[in-house]
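Taking it in order: structure first as structure tokens, then the write-up.
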Protein chains: 2
Amino acid sequence: MSGIADVARQAGVSKSTASRALSGSGYVSDETRDRVTRAAEMLGYVPSTNAQSLSTGRTQNIGVVMPYVNRWFFAEVLEGIQAALLERGLDLTLYDAKPGSDTRERIFESFLTRKRFDGLIAVGLEPEENELDSMLALGKPVVNVVGNHERTSVVTLDDPLTARRATEHLIELGHRRIAFLGAGSRTRWPHVESSRLDGYMQSMADAGLADEATHTESELTLPAGYDAAVELLSDTRTRPTAIVAACDEVAIGAIIAARRLGLHVPAALSVIGIDDHEFAEMFALTTFRQVPREQGAAAVELLMRQIQDPTLAPVIQRLKPRLVVRSSTGPLRSDRAAADATV
Amino acid sequence: MSGIADVARQAGVSKSTASRALSGSGYVSDETRDRVTRAAEMLGYVPSTNAQSLSTGRTQNIGVVMPYVNRWFFAEVLEGIQAALLERGLDLTLYDAKPGSDTRERIFESFLTRKRFDGLIAVGLEPEENELDSMLALGKPVVNVVGNHERTSVVTLDDPLTARRATEHLIELGHRRIAFLGAGSRTRWPHVESSRLDGYMQSMADAGLADEATHTESELTLPAGYDAAVELLSDTRTRPTAIVAACDEVAIGAIIAARRLGLHVPAALSVIGIDDHEFAEMFALTTFRQVPREQGAAAVELLMRQIQDPTLAPVIQRLKPRLVVRSSTGPLRSDRAAADATV
DNA sequence: TTGAAAGCGATACCAC
DNA sequence: GTGGTATCGCTTTCAA
């Protein structure tokens with residue numbers, strides 16, 4: 001556990017010179033630098049980041065706050081962030097702020113205030129006003145992934161656009177009875193869910209299908225999507241011919257439900273999702289792809305810029321999705337044909 | 001951003017007294033403590049953890065190394081660790097060490113050596129010898145979740161036992177053609193996979209079914225399980241009547257595959273898993289439950305003890321699973337009955 | 001180009 | 001009980 005003093009002694013220079021040589025800032029002759037570098041290597045010198053932080057005010061660490069890590073989107077974003085940070089030699093401190101939990105409060109009230117980071121990335125938090133306030137009050141750059149406001153930089157999928165295009169895809173296939181599956185009244189992601197629902201509604205209205213528009217509530221998970229779809233599809237009289245799911249997990253839940261009910265996808269039911277989840281391929285799900293991993297990387301990029309220049313104005317990056325056609329959607333068939341289709 | 005000096009001044013005491021009062025260690029009169037506490041509150045004082053660390057050598061931070069965060073088991077363990085740490089007021093620094101990646105190397109070579117933590121939890125890493133060496137060389141307590149060795153404390157499911165009991169469950173139901181799905185030759189978790197396979201083998205042998213024993217390789221993911229199962233089940237001549245899956249994701253993949261192939265579960269095929277994955281309920285999967293979240297908490301507990309007393313000998317906690325019977329397993333039926341079963 | 005010395009913000013030993 | 005002071009390990013003026 002040798003410190004910079006040891007390195008300096010070994011190299012026959014002063015601490016200051018050693019520091020300059022190693023950190024690469026300030027004037028040092030090439031020869032001296034060599035000597036110091038060698039000495040450091042010889043001694044297996046590793047700088048104490050604590051001491052560095054104390055002295056420079058920089059922690060070389062980024063805080064990440066998210067409500068879940070055990071969900072596809074979050075885990076992927078997290079991996080994206082992690083990779084981008086490791087590349088830059090930065091540490092990642094994780095805060096798991098479950099909505100409504102008392103620990104969430106503690107995270108905002110006490111953990112974050114310790115400011116052991118140079119910047120903060122909030123993922124899918126859709127923070128309450130006061131939470132946003134306390135993050136901003138830290139005086140450190142903040143970037144949000146998912147969401148919609150002007151006070152911090154944001155990286156997010158263009159939700160209304162995506163939902164609109166998903167709906168249009170089904171309309172173009174001839175469907176009219178198109179249901180939306182996913183937004184709830186007690187929703188976890190008000191912005192995401194409501195803006196996707198809005199996109200759907202608008203698209204339906206534009207096509208003169210406002211009367212057909214209907215949505216069934218479901219949490220954004222596979223089992224919830226399954227349950228909600230069973231409910232939605234059970235009534236043969238009101239059964240839709242196509243579903244716009246708020247996300248892939250819900251879509252896949254719906255596909256599984258359809259299979260259980262003996263409804264062939266897509267002959268009897270078309271399903272489209274949003275995400276391109278890791279299971280999408282397996283269920284042949286047609287969907288709009290977003291790549292959360294890249295969103296994580298983008299957030300890091302944005303954050304780095306803000307750390308370098310804290311006066312930078314907040315930026316909002318609204319990502320466009322790409323349609324991935326698989327075989328969970330197909331043209332509307334006559335009722336007879338659909339009914340005849342085997343599972 | 002007031003420091004302890006400000007608090008001291010405000011309270012009319014010395015820095016040392018203020019420190020004692022706030023940290024709760026050492027003698028301070030009740031009245032003084034009150035005054036200091038109030039002053040701190042008034043000024044919104046938050047101690048600089050950096051300064052604290054530098055001075056005490058304690059970071060109040062725990063490092064967590066894992067190869068994935070986007071998989072059920074890992075995400076759950078991570079959440080368990082996080083919750084346990086937050087409870088204790090500790091930060092969590094995450095290192096995502098993908099197997100075989102160059103960043104993995106960098107994590108061990110440089111990130112970990114910065115020692116910005118008081119202890120390390122390695123999850124499902126099954127570290128190479130040299131990786132284990134470098135973790136131990138840090139001189140900080142290390143706890144492994146998953147794995148099997150004597151050099152660090154370990155929290156792990158009793159894998160051979162679990163696989164044995166899963167196999168026995170099927171044998172008791174009358175099955176003889178029981179296949180194992182999941183272990184591979186180029187396996188990611190040599191210990192886990194091979195010891196589960198061993199448990200299966202042993203159980204088959206004990207029941208005089210050694211000749212029937214067979215295993216099909218599959219990565220431990222849902223899509224991989226699906227593909228492997230399609231392969232395994234397609235040949236009607238060699239098709240097993242029951243499957244022991246190396247984990248639930250593989251088991252669920254197998255169930256989905258069976259459905260696609262028109263095989264009723266459990267009439268034509270019984271499937272048992274290990275995990276009690278979040279999707280297990282939805283697929284009515286009979287499985288042996290392990291609770292990764294608790295394993296994370298247990299690891300933290302163990303680590304805390306080692307931090308308090310570094311001389312403690314490594315402990316190995318081998319967890320027993322609990323059978324959760326749902327309806328993916330059933331008694332062996334005659335071929336006729338099975339063939340007649342509808343999907 | 002280099003070195004001496006003053007912080008950074010806490011803790012902890014040792015007198016009083 | 002309380003206060004002065006050295007200390008943790010590094011960076012960063014400021015002189016030389």
Side-chain angles (χ1 to χ4, degrees), chain A residues 1-37 39-40 43-61 89 91 110 113-118 138-140, chain B residues 1-37 39-40 43-61 89 91 110 113-118 138-140:
Chain A
M1 268 240 309
S2 38
I4 201 171
D6 302 303
V7 175
R9 195 175 320 118
Q10 174 75 23
V13 298
S14 71
K15 285 199 317 182
S16 1
T17 305
S19 172
R20 260 175 265 136
L22 292 172
S23 70
S25 74
Y27 298 102
V28 192
S29 76
D30 288 357
E31 195 238 312
T32 312
R33 186 193 320 285
D34 269 17
R35 216 145 21 97
V36 173
T37 316
L43 297 171
Y45 167 73
V46 178
S48 149
T49 37
N50 262 318
Q52 287 185 137
S53 305
L54 188 55
S55 154
T56 61
R58 282 295 188 76
T59 63
Q60 309 286 37
N61 185 46
D91 275 353
S110 86
T113 58
R114 305 206 286 221
K115 291 189 280 205
R116 288 170 73 140
F117 39 76
D118 300 328
L138 299 171
K140 304 276 181 187
Chain B
M1 267 240 310
S2 38
I4 200 169
D6 303 302
V7 176
R9 193 174 322 116
Q10 174 75 22
V13 298
S14 70
K15 283 200 316 180
S16 357
T17 304
S19 171
R20 260 176 269 136
L22 293 172
S23 70
S25 73
Y27 298 101
V28 192
S29 76
D30 288 357
E31 195 239 312
T32 313
R33 187 193 320 284
D34 269 16
R35 216 145 23 94
V36 174
T37 316
L43 296 172
Y45 166 73
V46 178
S48 149
T49 39
N50 263 318
Q52 287 186 136
S53 305
L54 189 54
S55 162
T56 61
R58 280 295 187 76
T59 62
Q60 309 287 36
N61 185 46
D91 275 352
S110 85
T113 58
R114 305 205 288 222
K115 291 189 282 204
R116 288 170 73 140
F117 40 76
D118 299 329
L138 300 171
K140 303 276 183 189

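In this text the structure is predicted, and so the values were computed from the model without any measurement. Labels below follow one simple rule: chain letters A, B, ... track the order of the sequence lines, proteins then strands, and each chain is numbered from 1.
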If you define the side chain from C-beta out and look only at heavy atoms, does anything of [X] sit under 4.5 Å from [Y]?
| X | Y | result |
| --- | --- | --- |
| B:T59 | A:R116 | yes |
| A:K115 | B:V46 | no |
| B:T32 | B:R20 | no |
| B:R33 | B:V36 | no |

Measure the spacing between [atom1] of [X] and [atom2] of [Y] and express it to the nearest 0.5 Å.
| X | Y | atom1 | atom2 | result |
| --- | --- | --- | --- | --- |
| A:S19 | A:I4 | OG | CD1 | 4.5 Å |
| B:D118 | B:S53 | CG | OG | 7.5 Å |
| B:N61 | A:N61 | CG | CG | 7.5 Å |

Whole-Å gap separating [atom2] ([N]) and [atom1] ([X]):
| X | N | atom1 | atom2 | result |
| --- | --- | --- | --- | --- |
| A:D6 | D:dG9 | CG | P | 9 Å |
| B:D34 | D:dG1 | CG | C1' | 15 Å |
| B:R116 | D:dC10 | CZ | C1' | 14 Å |
| B:Y27 | D:dG3 | OH | P | 17 Å |

Check your understanding: Residues in side-chain hydrogen bond (donor to acceptor under 3.5 Å, both in side chains) with B:R9, at least two apart?
Key ->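 Only B:D6 meet the side-chain hydrogen bond (donor to acceptor under 3.5 Å, both in side chains) criterion with B:R9.
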Point to revise | Phosphate OP1/OP2 of D:dT2: any B:T32 side-chain N/O under 4.0 Å | key: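 Affirmative; the distance criterion is met.
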Point to revise | the helix from C:dT1-D:dA16 to C:dC16-D:dG1: angle between end helix axes, five pairs per end, rounded to 10 degrees | key: 40°
Practice item. Produce a footprint string for nucleotides 9-16 of chain C: one letter per nucleotide, 5' end first; B if the base is under 4.0 Å from any protein heavy atom, S if only the sugar-phosphate is, - if neither. Key: BBBB----
